[in-house]
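Numbering starts at 1 and runs along the sequence shown.
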Amino acid sequence: MKIDEAAGALSHGGVLLLSTDTLPGIHCRADDQDAVMRVACIKGRDSKKPLLVLAGSLEQALMVCGPLNAHQLEYCRGCWPGPFSLILPAGERLAERVSCGLGTVAIRVPSEENLRLLISTVGLPLVSTSANLQNEEPMRDLNEAWESFKSKVDGIWSGNPDLPPDPIASALVDLCIEPPKIL
């Protein structure tokens with residue numbers, strides 16, 4: 001699937017398997033209630049566990065955050081793009097299921113340029129959850145994930161065929177508490 005096809009599918013409520021700069025994942029627009037519920041169901045995600053969001057830029061992340069203080073904004077600028085998922089105040093544009101009523105959202109701006117371009121082309125951040133069923137090990141290979149999930153998703157996009165041979169999940173830092181805490 002080409003980038004414009006993937007962006008079109010996501011823009012119209014689709015759920016796709018995507019390569020990222022960490023682990024392959026299941027993705028949809030973060031503001032689409034139905035698509036977000038579908039992602040949670042595909043994964044078998046506990047209804048009390050929030051979902052991660054990927055943004056194409058800091059500016060796009062701010063579209064789905066609540067107001068940030070100067071300290072939080074400084075962390076965002078210093079950590080993104082990169083492998084850091086930051087817990088920030090949730091904004092009103094997110095589908096309700098993303099934050100599970102906690103008032104916070106974990107957001108990351110990925111290092112991988114093609115993925116940032118895809119997200120920017122969609123126009124809004126994406127929900128991103130590792131390609132695995134809840135309580136199982138995340139799949140590290142996009143093709144393996146496709147074999148497991150192809151009947152449940154609308155397609156696959158590999159924007160970076162040169163992913164690291166042993167990808168790892170991003171670090172999670174809570175910026176809604178003082179001092180910030182690595183989880």
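- Within 6.0 Å of CE in Met37 there are 12 or fewer heavy atoms belonging to other residues, nucleotides or ligands.
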Test log, rule side-chain contact (heavy atoms from CB on, under 4.5 Å), inputs Leu86 and Ile107:
CA-CA 5 Å; Leu86 305 178; Ile107 301 180; 5.8 Å; no
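- Looking at Asp31 and Arg29, a side-chain N of the basic residue comes within less than 4.0 Å of a carboxylate O on the acidic one, giving a salt bridge.
- Side-chain heavy atoms closer than 4.5 Å link hydrophobic residues (I, L, V, M, F, W, Y) into clusters, and following such links, possibly through other members, connects Met139 to Val39.
- Each of Leu117, Leu115, Asn114 was scored for a side-chain contact (heavy atoms from CB on, under 4.5 Å) with Ile3, with one residue passing: Leu117.
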Test Leu88 against Cys76 for side-chain contact (heavy atoms from CB on, under 4.5 Å), laying out the working first.
CA-CA 10 Å; Leu88 299 165; Cys76 292; 3.8 Å; yes
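- The minimum heavy-atom distance linking Pro89 with Cys176 is given by the pair N-SG, 3.5 Å.
- In this structure, Leu175 is not a member of the same hydrophobic cluster as Leu172, with clusters built from ILVMFWY side-chain heavy atoms closer than 4.5 Å.
- When all heavy atoms are compared, the tightest approach of Gly25 to His27 is O-ND1, 3.0 Å.
- Checked against salt bridge (charged side-chain N to carboxylate O under 4.0 Å, His left out), Glu147 has the following partners two or more places apart in sequence or in another chain: Lys150.
- Each of Ile87 and Val64 belongs to its own hydrophobic cluster when Ile, Leu, Val, Met, Phe, Trp and Tyr are linked at side-chain heavy-atom distances under 4.5 angstrom.
- The side-chain contact (heavy atoms from CB on, under 4.5 Å) test with Thr129 is passed by exactly one of Arg45, Lys49, Gln134: Arg45.
- Between Asp34 atom CG and Arg97 atom CZ the span is 14.0 Å, to the nearest 0.5 Å.
- Atom-to-atom distance recorded for Leu18:CG and Ile156:CD1 is 8.5 Å, nearest 0.5 angstrom.
- The side-chain heavy atoms of Asp21 and Pro83, taken from C-beta on, include no pair separated by under 4.5 Å.
- In the hydrophobic clustering of this structure, Leu58 groups with Val173; members are Ile, Leu, Val, Met, Phe, Trp, Tyr whose side-chain heavy atoms approach within less than 4.5 Å, directly or through other members.
- Pairing each heavy atom of Ser158 with each of Ser19, the nearest pair is CA-OG, 3.5 Å.
- The backbone N or O of Lys152 lies less than 3.5 Å from a partner atom in the side chain of Arg38, making a donor-acceptor pair.
- Atom CG of Leu183 has more than 12 neighbouring heavy atoms from other residues, nucleotides or ligands inside a 6.0 Å radius.
- Counting all heavy atoms, side chain and backbone alike, Asp141 lies closest to Asn143 at OD2-N, 3.1 Å.
- The ring-ring contact (aromatic ring centres under 6.0 Å, His included) search around His12 returns none, not counting sequence neighbours.
- Put simply, the side chain of Gln60 gets close to the backbone of Ile119: a donor and an acceptor are under 3.5 Å apart.
- Put simply, the side chain of Ile26 reaches to within 4.5 Å of the side chain of Val15, judged on heavy atoms.
- The side-chain heavy atoms of Trp157 and Leu142, taken from C-beta on, include no pair separated by under 4.5 Å.
- Scanning both residues, Trp80 and Ala61, for their nearest heavy atoms gives CZ3-CB, 3.8 Å.
- No donor-acceptor pair closer than 3.5 Å links the side chain of Asp154 to the backbone N or O of Leu16.
- Glu136 contributes no side-chain N or O that, together with a main-chain N or O of Asn132, makes up a donor-acceptor pair within less than 3.5 Å.
- Residue Cys65 holds its SG atom at 7.5 Å from CG of Leu94, rounded to the nearest 0.5 Å.
- Looking only at side-chain heavy atoms (C-beta outward), Thr20 and Glu112 stay at 4.5 Å or farther from each other.
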Worksheet entry | Stepwise side-chain hydrogen bond (donor to acceptor under 3.5 Å, both in side chains) check, Ser128 with Arg108 | CA-CA 10 Å; Ser128 178; Arg108 182 165 65 87; 5.3 Å; no
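- Although no hydrogens or angles enter the test, the distance criterion places a donor-acceptor pair under 3.5 Å between the side chain of Gln33 and the main chain of Glu96.
- Sparse packing is recorded around CD of Glu137, with 12 or fewer heavy atoms of other residues, nucleotides or ligands lying under 6.0 Å away.
- The hydrophobic clustering, which links ILVMFWY residues whose side-chain heavy atoms are closer than 4.5 Å, places Leu133 and Leu17 together.
- Listed here is the closest heavy atom pair of Gly155 and Met1: CA-CE, 4.0 Å.
- Taking CG from Leu51 and CG from Leu126, the interatomic distance works out to 12.5 Å, rounded to the nearest 0.5 Å.
- Through side-chain heavy atoms spaced under 4.5 Å, either directly or across other Ile, Leu, Val, Met, Phe, Trp or Tyr residues, Ile177 is tied to no other residue.
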